[in-house]
Every structure is written in C-alpha cells, then in structure tokens.
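First up is the structure itself, then whatever we jot down about it.
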Amino acid sequence: MFHLLEKRIGEAFASRIEELYGVKGATQTEQPKQSSFGEIAVPAAFQLARQLRKAPKAIAGELAEAAGSIAGVASVEIAGNGYLNVRLDRGYYGAGLLSGGEGPRAAAADKIIVEHTNINPNKAAHIGHLRNAVLGDTFVRMLRATGRNVEVQNYIDNSGVQVADVVVGFRHLENKSADDVRGLIAAPKFDYYCWDLYARISSYYAEHPEALQWRRDMLHAIEQGEGADAEMGSLVADAIVKTHLATMWRLNIVYDVLPRESEILHLKFWATAFELLKERKAIYFENEGKNKGCWVMPGSAFREGGGGEGEEDSKVIVRSNGTVTYVGKDIAYQLWKFGLLGKDFYYHKWHKYPDGHQVWASTDQPRPEAFHGKRRFGAGSRVYNVIDSRQSYLQDVVEAGLRALDFTTQADNSIHFSYEMVALSPRTCVEMGVELSEEDKRKPYVEVSGRKGLGVKADDLIDKLTEKALDEVTSRHAEETEDSRRKSARAIAIAALRYFMLKYTRNSVIAFDFGEALSFTGETGPYVQYATVRARRILGKLAERGETLPEFRSLLSREAMARQLENEDCWQLLLTASKAESAIERAVASGEPAHVARFAFDLAQGFSTFYQKFHVLDEPDAEKRTFLLWMTDYFRAQLERTLGVLGIEVPEYM
RNA sequence: GCGCCCGUAGCUCAGCUGGAUAGAGCGACUGACUUCGAAUCAGUAGGCCGGGGGUUCGAGUCCCUCCGGGCGCACCA
C-alpha cells in the first residue's frame, strides 16, 4: 500500500511538472525525517530550481497549486524552503490495507541465478561460511518475495587442492585405506575429523616442504578421476558435502543444484571455453618474459584506466605446462551459467530434504533418473556470485573474460555480491584458548584460518546457541516437555544466528564475538520473534475466551478506519507496519539484506510499543477493540512475512 | 608501489539514488510486572560524522588531499 502510494504520488507530480515546465523524468519521493511533516515528501522543487532559475519555494507553491486531487492523498503542503509534504488520507489508507492492497504481482519469465556457500568440501563449515550462506539465502528469499524466479547453486570444488590435502593426510600421515575412511564417514562428525587433519597436513607441509610433491601427485590423480586416490578423494568430498548440506539445513538453507568441478573437467567445459577465448582473441600466447609459454589475459582488460600493457598486470589463464588456472575454469563455469557455453552437465538426484525439496548434482554421464530438456539448470539472465570481497580481483577477471568475448550484457549482469570477512575478536580467541602472537594481539580482529584450524565451527556455534536458548525457554516454561522446549530453542538459536549475520551491512568486517552473537536481547532475532509470539498470543487468548476473529471487512468501514486512525500513535504504527513491501523492494534494489533485518526490528519495536500502549482484549469500546484486533493481526502477518524473508521461524512459545 | 573497503556516541553498528533538528542496540543511570508474557516498555546522559580543502541553495553522503586501520595485487584455489 505504501509502495503503491509512493509510486502514484511520484507519477502524479512527474506529470504535473511536465505539464507546467516541460521537464520530463521520474520524480523522487522521500520519507520525511519527522512524522509531523506528513508521510511522503517530494523534494522536486530543489532540482527544478536550477533548471528554471526560480526560487524553490515559488516552484513548490505552483506545484502544490497544480497538484489537484490524488487518490489517497489528504493534503499537500509547502514546508521549509521548498519541500512538498504530502499527508495521506488515513481512512483510505486503512481501508486499502484491509481490502488487501496491491494485488498479485506478475511472475517473471527470466531466471536469476544466485550462487552461494561454495565451501571447499574438505572440512567442517565455519562462521565465515555461515555469513556467505545466510547472506546468499536471504537474498534469494528477498528476490523470491518480490516475484523473481531464482535458481540456487552451490558450487562444489571437489577436485581442488584443499580436498587433495586432506586425502594426502589420510594416505601419508595416517596410512588409511578407503575402507578406513568409509568407517570414519559412518561415524559422527567426519567433518570435524577432517578439520583437524587439514590443519595437521598444512603444518606438516610447512615443516617439510618436500612433502608438497604428495599434493601435486594427489591433485593429478584426483583430476584424472581414476585409481584409489581419486576414489578416496570423491569419498571425502561427497561425505563432507553431505555434512555441509546438513549444517545449512539446520539454518533453513537449501539449494537447487550442485555444479561440481569434476564435471567441469570431465565434460571438458574448459576446452570449449578455451577455444572461444582464443578465437575471439581474449587471451594470447606469451612468447617472452616471466609468463613465457602461458596463455594470458592482458591487464588492460580488467584493470581500470589500463596501465596494463606490461606483463606485470596480465593474468595467466593457462599455465606453461598446459593446465588451466582457477580463473579459467571459473570463466567456463560463468559462461555455462548464462547458457553461453553450448554445453550442459548431466544431473542426478543428490539429496532430498525432509520437506521434500530435491537437490540435484552434476554428473558426467547420463543417468536413468536424470531429466532432459524441460527443467535445465543454468542459462540465467542474471548471475549473483556470493563471494567474499577478497576475491574481487578474480571476479573482475571473470567479468572481463565475458566482456572480451563480446558478451557485454552478460558481463553487466555478472554481479559479484561481495561481503567482508568474518574475523575473530581477540577476546573470543582467548576464550577458545588460542595463543595469539604479539602482532595479532594488537589487531582489532584476527582472521579465521582453515589451514591453522583457527575458527569457530558452524555446528558448534549452533549447538551453543541452542543450549543457551533451551536454558531460557526452560526457565519460563518448565511445564513443557523437553522435545517441545528443544523445538522452540532451535528456532530461537537460528533466529539469533541468522539475524546476527544479517544485521551488519555487507562491507563491514564482523569481528565475531561470542558475547554479542549469543545475545537474545535488543536488536536481535529473538526480539523480533518475541514480538510475533506476543501478537499471536493475543489472538490465541481471544480464542480461549470463546471468541472468533471478527469480520474486519464488514465491521471496519472506511469511516471507522478514519476515526480510529485519528489516534496519532495508531497511525504511526500502522504506517510502519505497512512498509514491508517497500522495505523489501528497497533492500533488493540496494542489494542489502541488512535493510530487511533492520526493518524487521523496526516492525517488532513498533508492535512492542503498541502492545504496551493498548490493552487490546480489555478495550471497552467495541469499534476500537475490533480495530485493535485488526492491528494486532496485521502486525502479526507483517512480522511473519518479514521473518520469512529472513529465513527465521516463529516458535509457539519462548 | 597499485587497486578495493573502512573511520559516525564509551563499545558494536544504521543512515536508501546529496535534503529539513545525525539514529539504533549494548553498556551506564532513573522508573514500570496483581494486567494480552519484563527475551519487554518509558525516560536520562553521551556527537566539531578521522583532519583539511573544494563542488552548491544544501554534504555524514560527491571530488581532491592528508592521517589511521583492513584486504587484495601467483604458472594457489
């Protein structure tokens, strides 16, 4: 509703401006800082002042005069030195909300691909990965909530160095056979086992550089895809991917398809991309200098303002030994995402979630259960790669690759959805018993490192949060069964975690601190849940008293709405609650899930004041009581909807 | 050296494409549970938005510069 009026008012003034001054263009609207100024402000007079060489105030006067009547608008006033402040017709607005407002939106035909999570399948997920997955998943939910068609991909680098290292660990440090590893996989916490093993082999390499030959051999064996080492590699990678999906499922995060690097290799995606790059002269063969014998992309392709004719700035795509680098594979993969490669994977069913959702994984052979044609993956019109900002250089190269191939539109639609890293606060390091170097102690935060095994594992954090939530729930609801209390505790823990990961904007470094992450008061997920639970409770009490929810539409006429909304508190609260659509749309436009989180908090805060101020069920005046009940139900619906976009569930009690 | 990001209240952070008197949470201090649940609410204190220039009707927001901090800049992924 608010969204609708913003648009209508903007358009109305745009057409008046064109009529009066012959100036075309969209007219922007704002939300005034002070509620006493009205609901929507139009600063158009300031922009026009320069072009027309006229005082803003005079222009504002003429515009206000010409405004005429706009449906839903009560008045237009001139304020300050040229603002146009619009006051809405409260009865109209309330009645509009009651009758369901905006109507359904048209479903989009084209597909947006969001790639997120992308954890190396060689160890347990940690908090850094959580930020990626929560950010990606929430953005997906935002896009879907606003009618977009989205496909979620989780790229699995199952044939890279990190997997190879863990297999080297099993083979050379532990002398394990494939069956030994199968045994470990069957036992709990295989991902934790690998976490430690990975740290061990990393430090072994540091002390015994000659052991790096093991890695090279292993990498080769895994890439070939044959032999005992390759078997162990896929065993490890597949098992770890399963643990990652399980961890993410705890957080309500699911995927549609898992494209795997092994298939990119075996199906020769790269070979096709390579031919294309050569043909269109996006890369060239270097005959001299330090990159002699390599295929490279000139630096001028991806660096601002060029500079880069020199070899210093160019990026190797194919090494002198003929193997392709990571970026090269990524270019091939990106081409596939846009359906530009002329090739596709085969797929098989990888995993079915408890709710029935099916995840597919790529495979290099046709399989009986594979599908054809109809529901192909990839071939999106826009691609969001959720990857931390440290990789922006490589992302620039990938984009430049598309551009060099003349896929300009696709390059423009390749979006690096970047975010800053999650580090550890020094205090948290101490709590975890990590010894810090003198240098690290002076830093504001310490970087997480898989190689050093330094980090907070995702499952540990979720467990810790759940236990704390369970304590809180138990202290209030000792009468409930353990199962029931655990169920609430899980929802609360996930809310705390997801909200914590979302409340910071993307390019702010999070210095992870247990104290802050474990907080359930103030601007947190549980706070928002609490407001929702309370709203539901009021409606629940109504039922307990033997009453049903009134027929709002017949009982609350437009006049009744107008009467009730004369109350300034009610009006302001309703206004806040009705901005969900507008807030989500704005957050999509700015690519900032934190804005949705912020809105959820505002909403919850609004309801909390409402709850405090009005005793709904004890209200003696019949019309007012009906109105307050409607407000309660409306808040409940908006809270639930917004929490849904954040991937947060509402517990029955807390 | 080059590129990107950050610097706003004691702490952690918001501030949408420049707009009216810069906002939250935590922490501190006052108050409010016989009430639809206090994981809450009402209130107080706390700011030269890192410094300095500029652009204009107007700058936390844009440009330049300096100072502090972080991250990148491999024939690693």
Side-chain angles (χ1 to χ4, degrees), chain A residues 28 30-34 37 41 43 46 49-50 55-56 79-83 85 120 157 160-162 215 261 290-296 299 303-305 307 312-313 315-327 329-330 388-394 396 418 420-421 423 425 443-445 447 469 472-473 475-477 492 503-505 507-511 513 515-516 519-524 526-527 529-531 533-535 537-542 544-545 583 586-587 589-590 592 594-595 597-598 601-602 605 608-609 611-618 628 632 653-654:
Chain A
Q28 50 172 297
E30 298 171 0
Q31 297 176 35
K33 289 218 162 150
Q34 273 191 52
F37 291 152
F46 296 110
R50 195 168 318 156
N81 47 354
Y83 269 101
N85 287 335
N120 269 301
D157 183 4
V161 175
Q162 296 215 16
R215 171 194 274 176
E261 190 180 65
K290 64 165 188 157
N291 292 334
K292 185 176 178 182
C294 300
W295 286 90
V296 302
R303 281 192 199 279
E304 284 294 315
E312 291 300 322
D313 290 323
K315 174 72 195 167
V316 172
I317 304 296
V318 179
R319 303 180 187 104
S320 52
N321 67 4
T323 57
V324 59
T325 59
Y326 166 76
V327 201
K329 281 182 275 192
D330 221 19
D388 78 82
S389 62
R390 285 172 289 194
Q391 305 218 36
S392 57
Y393 166 67
L394 295 172
D396 287 348
S418 75
E420 274 291 348
M421 62 175 171
S425 75
K443 289 186 175 178
Y445 42 74
E447 201 170 342
E472 297 282 343
V473 171
S475 73
R476 294 170 176 80
H477 299 278
I492 294 163
K503 71 193 280 193
Y504 302 93
T505 48
N507 51 14
S508 147
V509 177
I510 298 180
D513 187 89
E516 282 175 38
S519 165
F520 295 162
T521 62
E523 198 196 334
T524 65
Y527 174 90
Q529 284 178 315
Y530 187 63
V533 167
R534 281 170 137 191
R537 185 54 55 94
I538 293 175
L539 302 169
K541 283 274 174 193
L542 188 75
E544 277 176 32
R545 295 186 185 186
R586 222 181 284 259
S590 61
E592 202 58 90
H595 293 164
R598 181 72 212 181
F601 179 68
D602 288 343
Q605 221 173 22
S608 293
T609 19
Y611 184 92
Q612 181 75 16
K613 213 161 248 171
F614 303 100
H615 285 243
V616 179
L617 296 178
D618 299 334
L628 292 177
T632 306
Y653 60 90
M654 57 191 290

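Chain letters run A, B, ... following the sequence lines, proteins first and then strands; every chain starts at 1.
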Sugar-phosphate only, base, or nothing, as touched by [X] at under 4.0 Å among non-hydrogen atoms:
X	value
A:Arg390	sugar-phosphate
A:Phe37	base
A:Thr524	nothing
A:Ser519	nothing
A:Ile317	nothing
A:Gln605	sugar-phosphate
A:Arg586	base
A:Tyr445	sugar-phosphate
A:Glu447	sugar-phosphate
A:Val509	sugar-phosphate
A:Ala41	base
A:Leu542	nothing
A:Phe520	base

- prompt: Can you check B:rC33 for me, syn or anti if syn means within 90° of 0?
  reply: syn
query: Can you check whether A:Asn507 has a side-chain N or O nearer than 4.0 Å to OP1 or OP2 of B:rC5?
result: no
- prompt: Looking at residues at least two apart in the chain, or sitting in another chain, which of them share a side-chain contact (heavy atoms from CB on, under 4.5 Å) with A:Val316?
  reply: A:Asn291, A:Cys294, A:Val296, A:Thr325
- request: Whenever both distances are under 3.5 Å in a Watson-Crick or G-U wobble pair, mark it; put RNA chain B into dot-bracket that way, with [ ] for crossing pairs and | when the partner is on another strand.
  value: (((((((..((((.....[...)))).(((((.......))))).....(((((..]....))))))))))))....
With a 3.5 Å cut-off and heavy atoms only, can you find an N or O donor on one side and an acceptor on the other between the side chain of [X] and the base of [N]?
X	N	result
A:Asn85	B:rA20	yes
A:His477	B:rG37	yes
A:Ser320	B:rC75	yes
A:Arg476	B:rA39	yes

Measure from the side chain of [X], starting at C-beta and using heavy atoms only, and say which of [options] lies closest.
X	options	answer
A:Val316	B:rC75, B:rC13, B:rA39	B:rC75
A:Arg545	B:rU17, B:rC75, B:rC36	B:rC36
A:Thr521	B:rC36, B:rU40, B:rC5	B:rU40
A:Ser608	B:rA20, B:rU40, B:rA39	B:rU40
A:Ser508	B:rA20, B:rU40, B:rC13	B:rC13
A:Tyr504	B:rU12, B:rC36, B:rA20	B:rU12
A:Tyr530	B:rA77, B:rU40, B:rA14	B:rU40

- prompt: Just how far, in rounded Å, is C1' of B:rG25 from OH of A:Tyr527?
  reply: 10 Å
message: Rounding to an integer number of angstrom, what distance separates B:rU44 and B:rG27 when you compare their C1' atoms?
response: 14 Å
[X] side chain to [Y] main-chain N or O, any donor-acceptor pair under 3.5 Å?
X	Y	result
A:Lys503	A:Glu523	yes
A:Ser475	A:Glu472	yes
A:Ser519	A:Gly515	no

- request: Please indicate yes or no: is the ring centre of A:His615 less than 5.5 Å from the centre of the six-membered base ring of B:rC36, with the two planes inclined by under 30 degrees?
  value: yes
